[in-house]
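One structure is given below, encoded as structure tokens.
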Amino acid sequence: QVQLVESGGGLVQAGGSLRVSCVASGRTLSTYNMAWFRQAPGKEREFVARLSASGVRTSYADSVKGRFTISRDNTENTLYLQMSNLKPEDTAVYYCAAGSVFAIGLQYYRYWGQGTQVTVSS
């Protein structure tokens, strides 16, 4: 079993950048396929980006493609989401998740962090 803790959220102006982190304990991240999801107020949680356990494959939601980058530091056992050219519509709570399937559906991810708030002002 793995425990996930996100950090790095905050308030940023539109066009700015922010990096959120997800530190894992209990198991190594390379054991899992990892993903970032987000949930805005009044909306359903949605897929943002994913990284395969091998670290080779990635994919992104169309809304963030070209602006966000998912990565992993095996020595730190940490997952990152680098966000650039942020827009007000990126405002949400960002969650990292770990699972056994390289998928975009929430149901495939068994372990979740508590989330970190990202707010983008216009």
Side-chain angles (χ1 to χ4, degrees):
Q1 180 167 325
V2 63
Q3 293 78 43
L4 305 172
V5 178
E6 300 96 333
S7 63
L11 175 64
V12 62
Q13 288 188 333
S17 298
L18 197 64
R19 188 179 75 167
V20 292
S21 303
C22 172
V23 178
S25 60
R27 295 286 297 273
T28 57
L29 278 185
S30 58
T31 303
Y32 300 96
N33 296 288
M34 300 297 299
W36 287 97
F37 291 82
R38 67 185 181 186
Q39 188 166 18
K43 295 187 177 182
E44 294 186 351
R45 194 169 298 188
E46 64 177 4
F47 166 77
V48 174
R50 58 178 172 162
L51 176 70
S52 64
S54 66
V56 173
R57 291 186 293 167
T58 61
S59 75
Y60 299 88
D62 288 342
S63 58
V64 306
K65 200 171 295 183
R67 299 189 298 122
F68 289 13
T69 302
I70 187 171
S71 63
R72 184 180 73 203
D73 185 328
N74 290 334
T75 60
E76 298 292 332
N77 212 29
T78 300
L79 182 74
Y80 298 103
L81 184 68
Q82 177 68 48
M83 303 180 287
S84 302
N85 191 21
L86 282 160
K87 304 175 181 180
E89 51 264 42
D90 294 318
T91 294
V93 177
Y94 283 72
Y95 299 89
C96 67
S100 59
V101 179
F102 184 60
I104 64 172
L106 282 74
Q107 68 270 30
Y108 295 103
Y109 293 89
R110 181 175 181 181
Y111 304 103
W112 292 81
Q114 84 290 348
T116 185
Q117 176 70 48
V118 173
T119 303
V120 184
S121 63
S122 58

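None of these values were measured; they are calculated from a predicted model. Heavy atoms only: backbone and side chains are in, while hydrogens, waters and symmetry mates are out. Along the sequence shown, residues are numbered consecutively beginning with 1.
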Any side chain to side chain donor-acceptor pair (under 3.5 Å) involving residues 101-112? Give me the pairs, sequence neighbours left out, ordered by first then second residue.
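Those involving residues 101-112 do not exist here.
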Using the rule that Ile, Leu, Val, Met, Phe, Trp and Tyr join whenever any side-chain heavy atoms are under 4.5 Å apart, tell me whether [X] and [Y] fall into a single cluster.
X	Y	value
Phe68	Val118	yes
Val101	Val2	no
Val20	Val120	yes

Would you tabulate the side-chain donor-acceptor contacts of residues 3-10 under 3.5 Å, counting partners in other chains and residues two or more places apart, or write 'none'?
unit_1 : atom_1 : unit_2 : atom_2 : d
Gln3   : OE1    : Ser25  : OG     : 3.4
Glu6   : OE1    : Gln114 : N      : 2.9
Glu6   : OE1    : Gly115 : N      : 2.8
Glu6   : OE2    : Cys96  : N      : 2.8
Glu6   : OE2    : Gly115 : N      : 3.3

Specify the closest pair of heavy atoms between Met34 and Ala98, including all atoms of both residues, with the distance to one decimal.
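Heavy atoms of Met34 and Ala98 come nearest at SD-CB, 3.4 Å.
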Report all side-chain donor-acceptor pairs from residues 76-83 shorter than 3.5 Å, counting only partners two or more places apart or in another chain.
unit_1 : atom_1 : unit_2 : atom_2 : d
Asn77  : OD1    : Leu29  : N      : 2.7
Asn77  : ND2    : Ala24  : O      : 3.1
Asn77  : ND2    : Arg27  : O      : 3.1
Thr78  : OG1    : Glu76  : O      : 2.9

pair [X]-[Y]: side-chain heavy atoms closer than 4.5 Å:
X	Y	value
Ile104	Tyr60	no
Leu86	Gln13	no
Trp36	Cys22	yes

From Leu11 CG over to Gln117 CD, what is the distance, rounded to the nearest 0.5 angstrom?
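One gets 9.5 Å once the value is rounded to the nearest 0.5 Å.
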Rounded to the nearest 0.5 Å, how far apart are CG of Asn85 and CG of Asp90?
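These two atoms lie 8.5 Å from each other.
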Keeping the roles fixed (side chain from Asn33, backbone from Ser52), state whether a donor-acceptor pair exists under 3.5 Å.
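Checking the backbone N and O of Ser52 against the side chain of Asn33, no donor-acceptor pair under 3.5 Å is found.
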Determine all donor-acceptor pairs shorter than 3.5 Å in which one atom belongs to a side chain in residues 40-50; sequence neighbours excluded.
unit_1 : atom_1 : unit_2 : atom_2 : d
Arg45  : NE     : Gln39  : OE1    : 3.3
Arg45  : NH2    : Gln39  : OE1    : 3.4
Glu46  : OE2    : Arg38  : NE     : 2.7
Glu46  : OE2    : Arg38  : NH2    : 3.2
Arg50  : NE     : Ser59  : OG     : 2.5
Arg50  : NH1    : Phe102 : O      : 2.8
Arg50  : NH2    : Ser59  : OG     : 3.4

Checking Ser122 now: which residues fulfil side chain to side chain contact (heavy atoms under 4.5 Å, CB included) with it, not counting sequence neighbours?
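Residues passing side chain to side chain contact (heavy atoms under 4.5 Å, CB included) with Ser122: Pro88.
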Counterpart residues, side chain to side chain donor-acceptor pair (under 3.5 Å), relative to Thr28 (two or more places apart):
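In terms of side chain to side chain donor-acceptor pair (under 3.5 Å), with neighbours along the sequence ignored, Thr28 is linked to Thr31.
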